[in-house]
Enquirer: 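Okay, here's the structure, questions in a sec.
If you're wondering where the values come from, they're calculated on a predicted model, not measured in any experiment.
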There are 2 protein chains.
Amino acid sequence: MTEHERPAVTVDVFALTFLENDLRVLLIQRARPPHAGHWALPGGFVEPHEPLAKAAERELFEETGLKVNRLEQLHTFGDPGRDPRGWAISIAFIALVAADAARLIGDDEEVMAIQWHPAHDLPPLAFDHVQIIDHAMQRLRERADDLAWLGQALPARFTLSELQRLYELAGGQEVDKRNFRRWAFAQGCLEKTEAMRYGDHRPAHLYRLKSVP
Amino acid sequence: MTEHERPAVTVDVFALTFLENDLRVLLIQRARPPHAGHWALPGGFVEPHEPLAKAAERELFEETGLKVNRLEQLHTFGDPGRDPRGWAISIAFIALVAADAARLIGDDEEVMAIQWHPAHDLPPLAFDHVQIIDHAMQRLRERADDLAWLGQALPARFTLSELQRLYELAGGQEVDKRNFRRWAFAQGCLEKTEAMRYGDHRPAHLYRLKSVP
DNA sequence: ACAAAAGTGTTGCCCTTACACCCATGC
DNA sequence: GCATGGGTGTAAGGGCAACACTTTTGT
């Protein structure tokens, strides 16, 4: 097995949240070449004998301070030329996270800045990360009606209007309010809380996801 | 980038067909260690700067003589210990192929035998290939009602009963004949041919998939 | 009082499901 | 002529989509 040339192997993480009424992607600004100054998905080299999901979890935490439980494998990218340093393949993961739980304090010299970027207004990206994000948004569309999964992008408590807006952005189409509410309740993963959200107008009931062990 | 230890990177192909009224998986018998004598999915090392799908296509052809156009990426496996030779990750692909188009004449000294194995009666397998097959069968269940995709496992012309049997095996549940036919036609990917299949009993009309460019 | 978001039911339609008998051929 | 798989239609029920007005708060 030693006779074969080997590629560098990395993991990249597409982390998505719902913040300020919009879908946002977690990006870091690279401090060093290649692509110094450009924005990129958090990620890095897999360590020897490290499970891939663990590597993704670790890199995400090192670079952004974000701790995530459920990473889902998305796709593996290995096209020639995707990394200017040479032959490299990357396993991409997708995670939905609550933005309020995130401090975003990285501990990595290679990172200049960390930011939740609006998913539909992205800066120029390093490597082939545009492709990775395309795949991820596609996956999001396909799984939008898995409410228990989608809801992970929301804070612990949220209004039904927020949930609906998230659902519409993820799925790529608008839906009727009453139909949505009926459908959402029927999914059986919502729990009404006593709390209300007070704001500009009529207060809204807050809901949370039923914890699924 | 040179300072990192690198894993061996391979591809494996789960090729499925519908043969003798049953789902069958293409397996090769390994001629050399590790796991000499055991059956395994076709696959092998990715060559430097080779696109992953190309590598899978090439390895499948070298080991089994099977040419396949549409390989779909399935999942990437990288758990420690999955290869006794050391750190290795594998990108698994899934392909549905018509068995009649397959000659199964490999050109590889490492392969002792090639066979379409009944998917529900598999021999002991090398590496973590049981896991890969589990994932693949899961994917099959999820996509069973994509008829244009599923139909690739059939020969160029087939009867509706064959299609239904394939559908039931893939999806894991039986369906009513009349309902299935109505639904299958409604998918819009079937074309009736003039030909009939003559056999033990009343002849059956043959259908084919509409070619999707 | 008015602007703005929260909240709430009913109806029609289509799609899905359940279900049973005749037909054409080989032996 | 009989055994075997091929082939066909209908009716009832459930789920989905369309649709508008009242309520509650902030200003």
Enquirer: Using modelled atom types only, decide if a donor and an acceptor are shared between the side chain of B/T17 and the backbone of B/A99 within a distance under 3.5 Å.
Expert: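 Flag set: sc B/T17 to bb B/A99 pair under 3.5 Å.
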Enquirer: Indicate the ring-plane relationship of B/H35 and B/H38, choosing parallel, tilted or perpendicular according to the 30° and 60° boundaries.
Expert: perpendicular
Enquirer: Which residues in residues 165-179 of chain A have a heavy atom closer than 4.0 Å to any atom of DNA chain C?
Expert: A/K177, A/R178
Enquirer: Taking the six-membered ring for Trp, are A/F180 and A/Y167 parallel (under 30°), tilted (30 to 60°) or perpendicular (over 60°)?
Expert: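 If you compare the ring of A/F180 with that of A/Y167, the planes turn out tilted.
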Enquirer: Tell me every residue that passes ring pair (Phe, Tyr, Trp, His ring centres under 6.0 Å) with A/H75, counting only those two or more places apart in sequence or in another chain.
Expert: A/F77, A/H135
Enquirer: Look only at the side chain of B/R24 and the backbone of B/W116, and say whether a donor-acceptor pair between them is shorter than 3.5 Å.
Expert: yes
Enquirer: Holding to side-chain hydrogen bond (donor to acceptor under 3.5 Å, both in side chains), I want the full list of residues that pass it with A/Q115, two or more places apart in sequence or in another chain.
Expert: A/H117
Enquirer: Which residues, if any, of residues 145-163 of chain B bring a heavy atom under 4.0 Å of DNA chain D?
Expert: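 Only B/S161 qualify.
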Enquirer: Along DNA chain D, 5' to 3', what are the outermost nucleotides having an atom less than 4.0 Å from a heavy atom of chain A?
Expert: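 Going 5' to 3' along DNA chain D, contacts run D/dA17 to D/dG26.
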Enquirer: Is B/E174 salt-bridged to B/R165, going by a charged N under 4.0 Å from an acidic O?
Expert: no
Enquirer: Salt bridge check: are A/E63 and A/R58 linked by an N-O gap of less than 4.0 Å?
Expert: no
Enquirer: Salt-bridged, B/E191 to B/K210, with N to O below 4.0 Å?
Expert: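 Here B/E191 does not pair with B/K210 in a salt bridge, since their nearest N and O are not under 4.0 Å apart.
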Enquirer: Give the rounded distance in Å between these two atoms: NE2 of B/H201 and C1' of C/dT25.
Expert: 9 Å
Enquirer: Minimum heavy-atom separation for B/P203 to B/M196, with atom names?
Expert: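 Result for this residue pair: CB-CE, 3.9 Å.
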Enquirer: Under 6.0 Å from the ring centre and within 45 degrees of the ring axis: does the NZ or CZ of B/K192 meet both conditions for the six-membered ring of B/Y207?
Expert: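 Relative to the ring axis of B/Y207, which defines the angle, B/K192 lies outside at least one limit.
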Enquirer: For the side chain of A/R202 and the base of C/dA5, is some donor closer than 3.5 Å to an acceptor across the two?
Expert: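 Counting by modelled atom types and ignoring angles, no donor-acceptor contact under 3.5 Å is found here.
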Enquirer: How long is the line joining CZ of B/R182 and P of C/dC19, in whole Å?
Expert: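 It is 14 Å, rounded to the nearest whole Å.
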Enquirer: Closest nucleotide of DNA chain D for A/W183 versus for B/F185: which of these residues is on the 5' side?
Expert: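 Result: B/F185.
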Enquirer: How long is the gap from NE2 on B/H120 to CG on B/L169, to the nearest 0.5 Å?
Expert: 6.0 Å
Enquirer: Do any of residues 189-198 of chain B sit with a heavy atom less than 4.0 Å from DNA chain C, and if so which?
Expert: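 Heavy-atom cutoff 4.0 Å gives no residues at all.
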Enquirer: Between A/D79 and A/R82, does any side-chain N to carboxylate O distance fall below 4.0 Å?
Expert: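 A salt bridge is absent here (no side-chain N lies under 4.0 Å from a carboxylate O).
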Enquirer: In this structure, how many angstroms lie between the P atom of C/dG7 and the CZ atom of A/F180, rounded?
Expert: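 A/F180 atom CZ is separated from C/dG7 atom P by 13 Å.
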